[in-house]
Q: 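Please read through the structure below; I'll follow up with questions.
Just so you know, these numbers use all the heavy atoms, side chains as well, and skip hydrogens, waters and symmetry mates. Note that the numbering runs from 1 along the sequence shown for the chain.
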Amino acid sequence: MTFYFLALEAHAQPLEEVPFIISPDNVTLEMLNSAGVKRGDHVIDLGSGDGRIVILAAKRFEATGLGVEIDPSLVERSKASARNAGVANKVEFRVQDLFKTDLASATVITMYLLPEFNLQLRPALLALKPGTRIVSHDWDMGAWKPDRTTVVAVPNKAVGREKSSQIHLWTVPAQVDGLWCATGLLRGASITLTQTYQAFAGTLAWRNRTRALAGTISGTELRTPAGSSGELVLQAADDVLRIASAQGHMALAQGASFRRAAGASCG
């Protein structure tokens, strides 16, 4: 994985030769461990440098991978390394603008880019399939706070004064903002939600009772902390919200489904 110092101009194309700094092996390993990479995952590394993180994902974790890199010589080096590691049939490396890369096939995306690049990528990353894991070396994504950050010692780190690296992890949340209308036995009930990245708040209304909702979204799962009304867990799938688990006076509603409203009401 490569850390780029690029001019932000014309889709972030470099205006001169691009120096790069290779992430140490313990950092790349922690990035993959943090994302829980396993067989069946497809890792896309944005700014893949010499290809080490994609090759490690294939060799150690049995994933497939794609490395996107703007330097043709590094792409050729990556291909040779993949052949030497015996994983050339599981990985691919392309000379490509990372802003023009189709990310839809990824289950995991890794990056070591400038903060400005992360912010430019943020809308595309949030639009990915819920549950996709994003891992960034050192740099975060502004208002979209990481779900978890770990720190790895890097005694010989060449960038900055800190001799450590931060590994940030996000899980793409389902988009649940809006009005949801109950079906079946709960017909007439509704859930209204507002969402800010992986946090949500709102109300569940049923007959003449309401319950305030607030919690976090991890992939397709919405979870409220256990309180006076007990924990509530919702599962999002396309345009359906299902009560996967409920406690207290909502226990009988477990399994009920809500559909996204077509308009401003559930009428």
Q: Taking Thr192's backbone N and O only, do any of them form a donor-acceptor pair with Trp180's side chain (distance below 3.5 Å, no angle check)?
A: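 Here the side-chain-to-backbone pair does not exist.
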
Q: Can you check whether Val176's main-chain N or O pairs, donor with acceptor, with Gln195's side chain at less than 3.5 Å?
A: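 Flag set: sc Gln195 to bb Val176 pair under 3.5 Å.
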
Q: Identify, with sequence neighbours excluded, every residue that meets salt bridge (charged side-chain N to carboxylate O under 4.0 Å, His left out) alongside Asp177.
A: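 Asp177 satisfies salt bridge (charged side-chain N to carboxylate O under 4.0 Å, His left out) with no other residue.
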
Q: So Leu32 and Leu56, side chain to side chain contact (heavy atoms under 4.5 Å, CB included) or not? Walk me through it.
A: CA-CA 9 Å; Leu32 295 172; Leu56 182 63; 3.7 Å; yes

Q: Kindly write out the residues that satisfy salt bridge (charged side-chain N to carboxylate O under 4.0 Å, His left out) with Lys145, not counting sequence neighbours, or none if the list is empty.
A: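 Checked Lys145 against salt bridge (charged side-chain N to carboxylate O under 4.0 Å, His left out); zero matches.
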
Q: Does one hydrophobic cluster hold both Phe99 and Leu103, with members joined at side-chain heavy-atom distances below 4.5 Å?
A: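 Linked, Phe99 and Leu103 end up in one cluster.
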
Q: For a quick test of reading the model, state the closest non-hydrogen atom pair linking Ala63 to Lys90 and the distance between them.
A: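 Distance-wise, the nearest heavy atoms are O-CE, 3.5 Å.
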
Q: Would you confirm whether Glu69, through its side chain, and Asp71, through its main-chain N or O, come within 3.5 Å as a donor-acceptor pair?
A: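 Yes, Glu69 side chain to Asp71 backbone: donor-acceptor pair under 3.5 Å.
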
Q: How about CG on Asp238, more than 12 heavy atoms from neighbouring residues, nucleotides or ligands closer than 6.0 Å, or not?
A: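 No, not enclosed.
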
Q: Indicate the atoms forming the closest heavy-atom contact of Leu169 with Ala35, along with that distance.
A: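 So the minimum-distance heavy-atom pair works out to CD1-CA, 4.1 Å.
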
Q: Compare every heavy atom of Gln166 with every heavy atom of Val151, then report the nearest pair and how far apart it is.
A: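 Distance-wise, the nearest heavy atoms are CG2-CG, 4.3 Å.
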
Q: So, using salt bridge (charged side-chain N to carboxylate O under 4.0 Å, His left out) as the criterion, who are the partners of Arg223 when residues are at least two apart?
A: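 Salt bridge (charged side-chain N to carboxylate O under 4.0 Å, His left out) list for Arg223, sorted by chain: Glu221, Glu231.
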
Q: Grab the two heavy atoms, one from Ile70 and one from Val95, that are nearest each other, plus how far apart they are.
A: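 So the minimum-distance heavy-atom pair works out to O-CG1, 3.9 Å.
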
Q: Given 3.5 Å as the limit, does a donor-acceptor pair link the side chain of Thr101 with the main chain of Asp97, or not?
A: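 Checking the backbone N and O of Asp97 against the side chain of Thr101, a donor-acceptor pair under 3.5 Å is found.
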
Q: Output yes when a side-chain donor or acceptor of Asn26 lies under 3.5 Å from a complementary backbone atom of Val152, and no otherwise.
A: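 Side chain of Asn26 to backbone of Val152, a donor-acceptor pair under 3.5 Å: no, none is there.
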
Q: Does a donor on one side chain sit under 3.5 Å from an acceptor on the other, for Gln198 and Thr216?
A: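 No, no side-chain donor-acceptor pair sits under 3.5 Å.
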
Q: Is the closest side-chain heavy-atom distance between Met111 and Val135 below 4.5 Å?
A: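 A side-chain contact under 4.5 Å is absent here.
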
Q: Indicate yes or no: at least one non-hydrogen side-chain atom of Leu128 is less than 4.5 angstrom from one of Leu126.
A: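 Counting from C-beta outward, Leu128 and Leu126 never come under 4.5 Å.
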
Q: In terms of hydrophobic clustering (I, L, V, M, F, W, Y; side-chain heavy atoms under 4.5 Å; direct or indirect links), are Trp206 and Leu241 co-clustered?
A: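 As far as the 4.5 Å side-chain criterion goes, Leu241 and Trp206 are connected within one cluster.
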
Q: If a pair satisfies side-chain hydrogen bond (donor to acceptor under 3.5 Å, both in side chains) and one of its residues is in residues 30-44, list it, with sequence neighbours excluded.
A: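 Those involving residues 30-44 are Glu30-Thr150, Ser34-Arg148, Arg39-Glu62, Asp41-Thr107, Asp41-Arg133, His42-Thr64.
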
Q: I need the full list of side-chain hydrogen bond (donor to acceptor under 3.5 Å, both in side chains) pairs touching residues 252-267, with sequence neighbours left out, sorted by first then second residue.
A: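 Sorted pair list: Asp239-Arg260.
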
Q: Specify the closest pair of heavy atoms between Asp138 and Ser164, including all atoms of both residues, with the distance to one decimal.
A: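 Closest pair (atom of Asp138, atom of Ser164, distance): OD1-O, 4.4 Å.
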
Q: Are Trp139 and Phe117 side-chain neighbours, meaning at least one heavy-atom pair lies under 4.5 Å?
A: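 With C-beta onward as the side chain, the pair stays apart.
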
Q: Has the side chain of Ser78 got a donor or acceptor atom that lies under 3.5 Å from a matching backbone atom of Asp50?
A: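 Yes, the answer is positive, given that a donor and an acceptor are paired below the 3.5 Å cut-off.
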
Q: Answer whether the closest heavy-atom distance between the side chains of Ile243 and Phe258 falls below 4.5 Å.
A: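 Yes. Closest side-chain heavy atoms under 4.5 Å.
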
Q: Can you pull out every disulfide bond (SG atoms under 2.5 Å apart) where at least one residue sits in residues 167-213? Sequence neighbours excluded, please.
A: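 Every pair satisfying disulfide bond (SG atoms under 2.5 Å apart) with a residue in residues 167-213: Cys181-Cys266.
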
Q: Test of understanding: clusters of I, L, V, M, F, W, Y form through side-chain heavy atoms closer than 4.5 Å, transitively. Do Val27 and Leu29 belong to the same one?
A: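 Linked, Val27 and Leu29 end up in one cluster.
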
